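No experiment lies behind these values; they were computed from the predicted model shown. Scope of the values below: all heavy atoms of this structure, side chains included, with no hydrogens, waters or symmetry mates. Numbers restart at 1 for each chain; the letters A, B, ... are given by sequence-line order, proteins then strands.
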Number of protein chains: 2
Amino acid sequence: MGATKTDHFTDHQNELAILAKALGHPARIAILEYLMKVDTCICGDIVNELPLAQPTVSQHLKELKNAGLIKGSIEGTAICYCINEPGFAKIEVFFNHITQYLDKKKNECC
Amino acid sequence: MGATKTDHFTDHQNELAILAKALGHPARIAILEYLMKVDTCICGDIVNELPLAQPTVSQHLKELKNAGLIKGSIEGTAICYCINEPGFAKIEVFFNHITQYLDKKKNECC
DNA sequence: ATTTTATATTGCAATATTACGATATAAAAC
DNA sequence: GTTTTATATCGTAATATTGCAATATAAAAT
């Protein structure tokens, strides 16, 4: 036990969970917000922006990249990261679904 | 080490991370999708809908409730859970921010 | 009052995550 | 070619999460 039983859920549910999980850490939220703020891929200064050691930041970047929320390419000595649109598109579908539901929802029993 | 350094990030970043973390498990996505499907709070059958033991489901429901994504009230023997709008509203603000950014974004360097 | 039914809590083992020092890698600058 | 600079990987300790059996709770039905 301890391991998530991914095979018991749909691909869709697992995909969404992986994306949400990647967003589930303040450092990773901070990274995404910073990437949006600077709006450029020449970003070799993410480490300086965060209150964490370099290996930790590197690890968080890797997780965001694995989840498909950012993309990065080698740019000389630096690595160039930026927001990856398709990753967010998937979460948006889910949220649009929820928003639609909440708009239509009439039951108020709780 | 091992514990997230929440005090190094903004309240906003921590709040968002907590919400996203709560969404970061396929069972909890499944619960939310089921609650939307049935669109009613008379839901004493969540356990039967999931491929997990009763204590595990109870634990996931608790986490969703703590995060503010669902709400529940006692309804006789059963407990009545449903989607909690304010919780989702917070995440939506973040996503609208991202959507706006992606729409305006012009840099295509990666 | 006892039994049934639905849910919560406790305790614990298995696994995952977080964080960072030490070290590796690899291109740029000298 | 050595040094610098930027990032990644490895190893590992601390902590968190996941899952469930066992047990507790508490209202409903008998």
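- Taking B:Glu33 as the reference, A:His12, A:Gln13 meet the side-chain hydrogen bond (donor to acceptor under 3.5 Å, both in side chains) condition, with sequence neighbours excluded.
- For B:Glu92, the side-chain hydrogen bond (donor to acceptor under 3.5 Å, both in side chains) partners at least two apart in sequence or on another chain are A:Thr99.
- Shown for residues 16-25 of chain B: no residue has heavy atoms falling under 4.0 angstrom of DNA chain C.
- You'll find the side chain of A:Leu52 reaches within 4.5 Å of the side chain of B:Phe9, heavy atoms only.
- Taken from CG in B:Leu69 to CD1 in B:Ile91, the straight-line distance is 5.0 Å, to the nearest 0.5 Å.
- Side-chain N/O atoms of B:Tyr81 include none lying less than 4.0 angstrom from OP1 or OP2 on C:dA6.
- The separation between A:Lys5 atom NZ and D:dT17 atom C1' is 15 Å, rounded to whole Å.
- Note that the NZ atom of B:Lys5 and the OG1 atom of A:Thr56 stand 7.5 Å from one another [nearest 0.5 Å].
- When the nearest nucleotides of DNA chain D are assigned to B:Thr4 and A:Thr6 by heavy-atom distance, the more 5′-ward of the two goes with B:Thr4.
- Residues from residues 49-69 of chain B with heavy atoms under 4.0 angstrom of DNA chain C, sorted by number: B:Gln54, B:Pro55, B:Ser58, B:Lys62.
- A:Lys65 meets the side chain to side chain contact (heavy atoms under 4.5 Å, CB included) test with A:Ile70, A:Tyr81; sequence neighbours excluded.
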Run the side-chain contact (heavy atoms from CB on, under 4.5 Å) test on B:Leu32 and B:Ile83 for me, step by step, so that the C-alpha distance in whole Å, both residues' side-chain angles and the decisive distance to 0.1 Å come before the verdict.
CA-CA 7 Å; B:Leu32 292 172; B:Ile83 300 279; 3.8 Å; yes
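- For B:Phe95, the ring pair (Phe, Tyr, Trp, His ring centres under 6.0 Å) partners two or more places apart in sequence, or in a different chain, are A:Phe95.
- Atoms CG (A:Asn48) and C1' (D:dA6) sit 10 Å apart, rounded to a whole Å.
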